[in-house]
Amino acid sequence: MITALATIFVFGLIVFIHELGHFITAKLSGMRVDEFAIGFGPVLLKKQYGETLYSVRCIPLGGFNRIAGMTPDEPLDDGSFYTKPAYKKLIVISAGAIFNFLLAIVIYFGLNATVGTMVSTDKPIIGSVITGGAADLGKLQGGDIILSIDNQSISKWSEISERLKGTANHGVTVVVNRNGETVETTVIPKMEKNTPKLGIYQAYETIPHSIGDSFILAVQKTGYIIVAMVDGLREMVVGTEQAEVSGPVGISHMAGSIAQQGFAPLLSFAALLSINLGVINLLPLPVLDGGHLIIILIEAITRRKLPAKALMYIQMIGIALLVTIFVYATAKDILQLL
């Protein structure tokens, strides 16, 4: 249940903000938006307001704005996308990613101002335990200070993985300090990616910030993550870095695990995914916003609209690429969870 709710919240938030960026700028540019939808598939809820149909669909993994005049065979009028100047079209298409970056700044600002910056500590303190994990079954709790594992003392968090080597699927004795009392329990580590794990998260210390510093840090962190993601994509393209792809299944699993740490970590995860969505959507690939930007620039430079057949082939290639990546990432996620 937690995983499902966390997934719907994270995907719903970043998709809504992304599509809201397209929607607002389209309206401000004088374009008619026939439908604003969150999700794909059959309609769950819908409401006609003015010229726009607002709908919520059953698969919360995306959304869309049906802007008038964006399909090649659609008749054009004053409210159509393709009758507007190139700069307005560029603004509308890029607005989704920009709104995703702004969402990340807002989330990081809010967390900095209210919670503070969360900094990991090397102290062997359990921040939280994964429901149904080894530590949970062994009755360990958030706030426990790990003193020893199998009679080997623990003074740093980094020592835990070393003490767990070779212990998968058989019991280890874990001694913790719980509210000043020494508690001993038996835990059976579970193998995850060929490594024995207790199913615990590290505790964090928080550093408070002023309102001004909170905003500056939020902008800096968002900018740093954007640069890091672009650099990572570049390294994957040139082959210096192995491609790591997660699909909806993997992201859902991560969202559920992070949600167990609290709402603040889940918001931070949503901000990270929002930046990821923004960067990915700006890639110059067919169907993605970046591909549309390239087409608009080409048409603006040549002062000619691309033929409908060419646009159709470009979209078909883009859809094929996305489906291939989606199937590969989903299969990879499922195999990792088995």
Side-chain angles (χ1 to χ4, degrees), residues 2-3 6 108 111-112 114-209 217 221 224-225 228 232 241-242 244 246 250-272 333 335-338:
I2 292 178
T3 297
Y108 287 138
L111 291 175
N112 291 339
T114 57
V115 179
T117 301
M118 294 185 292
V119 180
S120 61
T121 171
D122 202 31
K123 298 175 183 177
I125 303 174
I126 299 175
S128 60
V129 300
I130 298 175
T131 303
D136 185 34
L137 298 176
K139 307 302 181 184
L140 292 177
Q141 301 176 7
D144 286 350
I145 304 172
I146 300 177
L147 302 177
S148 67
I149 296 176
D150 269 355
N151 298 318
Q152 299 182 74
S153 64
I154 300 290
S155 59
K156 300 177 181 178
W157 183 270
S158 55
E159 295 175 345
I160 295 175
S161 57
E162 185 67 28
R163 300 287 189 266
L164 291 176
K165 286 183 178 179
T167 64
N169 301 319
H170 72 265
V172 295
T173 302
V174 179
V175 179
V176 301
N177 181 316
R178 181 178 298 162
N179 300 322
E181 296 184 4
T182 301
V183 177
E184 180 178 311
T185 186
T186 299
V187 179
I188 303 175
K190 295 182 179 180
M191 287 295 289
E192 295 182 16
K193 296 182 179 179
N194 299 319
T195 304
K197 299 285 187 180
L198 291 179
I200 56 177
Y201 291 109
Q202 191 173 4
Y204 287 85
E205 295 177 346
T206 56
I207 302 173
H209 301 291
L217 288 170
K221 184 171 184 177
Y224 171 80
I225 294 173
E241 188 74 24
Q242 183 178 358
E244 290 291 336
S246 284
I251 294 172
S252 176
H253 180 69
M254 285 187 281
S257 297
I258 292 171
Q260 295 184 39
Q261 301 179 53
F263 189 58
L266 184 63
L267 278 177
S268 184
F269 179 65
L272 181 65
D333 290 339
L335 289 174
Q336 287 182 340
L337 293 175
L338 293 178

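The structure presented is a predicted model; accordingly, all values stated were derived computationally and were not measured. Throughout, numbering of the chain's residues begins at 1 and tracks the sequence.
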task: Just do the side chain to side chain contact (heavy atoms under 4.5 Å, CB included) check on Thr117 and Asn112 with the steps written out, would you?
output: CA-CA 5 Å; Thr117 301; Asn112 291 339; 3.7 Å; yes
message: Go through it in stages, so that I can follow the logic: the residues are Val175 and Thr182, the test is side chain to side chain contact (heavy atoms under 4.5 Å, CB included), and I'd like the CA-CA distance, side-chain angles, deciding distance and then a yes or no.
response: CA-CA 7 Å; Val175 179; Thr182 301; 3.5 Å; yes
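For residues 132-153, the set of pairs meeting the side chain to side chain donor-acceptor pair (under 3.5 Å) definition, not counting sequence neighbours, comprises Asp144-Arg178. For the salt bridge (charged side-chain N to carboxylate O under 4.0 Å, His left out) condition, the pairs that include at least one residue of residues 195-205, sequence neighbours left out, are Lys123-Glu205. For residues 255-271, no pair satisfies salt bridge (charged side-chain N to carboxylate O under 4.0 Å, His left out), with sequence neighbours left out.
Side-chain N or O atoms of Glu159 include one that pairs as donor or acceptor with a backbone N or O of Ser155 at under 3.5 Å.
By the 4.5 Å heavy-atom criterion applied to side chains, Ile154 and Arg163 are counted as neighbours. Within the 4.5 Å cutoff, side-chain heavy atoms of Ser158 are placed close to those of Asp122. Using a 4.5 Å cut-off on side-chain heavy atoms (C-beta onward), Ile145 and Ile126 make no contact. Side-chain atoms of Ile130 and Tyr201, non-hydrogen and from C-beta on, do get closer than 4.5 Å to each other. Contact of the Leu164 side chain with the Leu198 side chain is registered, since non-hydrogen atoms from C-beta on lie closer than 4.5 Å. Side-chain contact between Gln202 and Ile160 is absent, with no heavy atoms from C-beta onward closer than 4.5 Å.
Here the rule is side chain to side chain contact (heavy atoms under 4.5 Å, CB included) with Val176, and of Leu140, Leu147, Ile149 only Leu140 fits it.
Remark: Trp157 CH2 to Ile146 CD1 distance equals 5.5 Å, nearest 0.5 Å.
The two residues Thr206 and Pro208 come nearest to each other via the heavy atoms O-CD, 3.8 Å. Nearest heavy atoms, Val129 versus Gly142: CG1-N, 4.5 Å. The heavy-atom pair separating Gly199 from Ala135 by the smallest distance is O-CB, 4.0 Å.
Here Lys156 pairs with nothing under the salt bridge (charged side-chain N to carboxylate O under 4.0 Å, His left out) rule; sequence neighbours left out. When the side chain to side chain contact (heavy atoms under 4.5 Å, CB included) test is applied to Ala264, the partners found at least two apart in sequence or on another chain are Leu111, Val115. Remark: Ile225 engages Tyr108, Lys221, Met229, Leu272, Ile275 in a side chain to side chain contact (heavy atoms under 4.5 Å, CB included) (not counting sequence neighbours).
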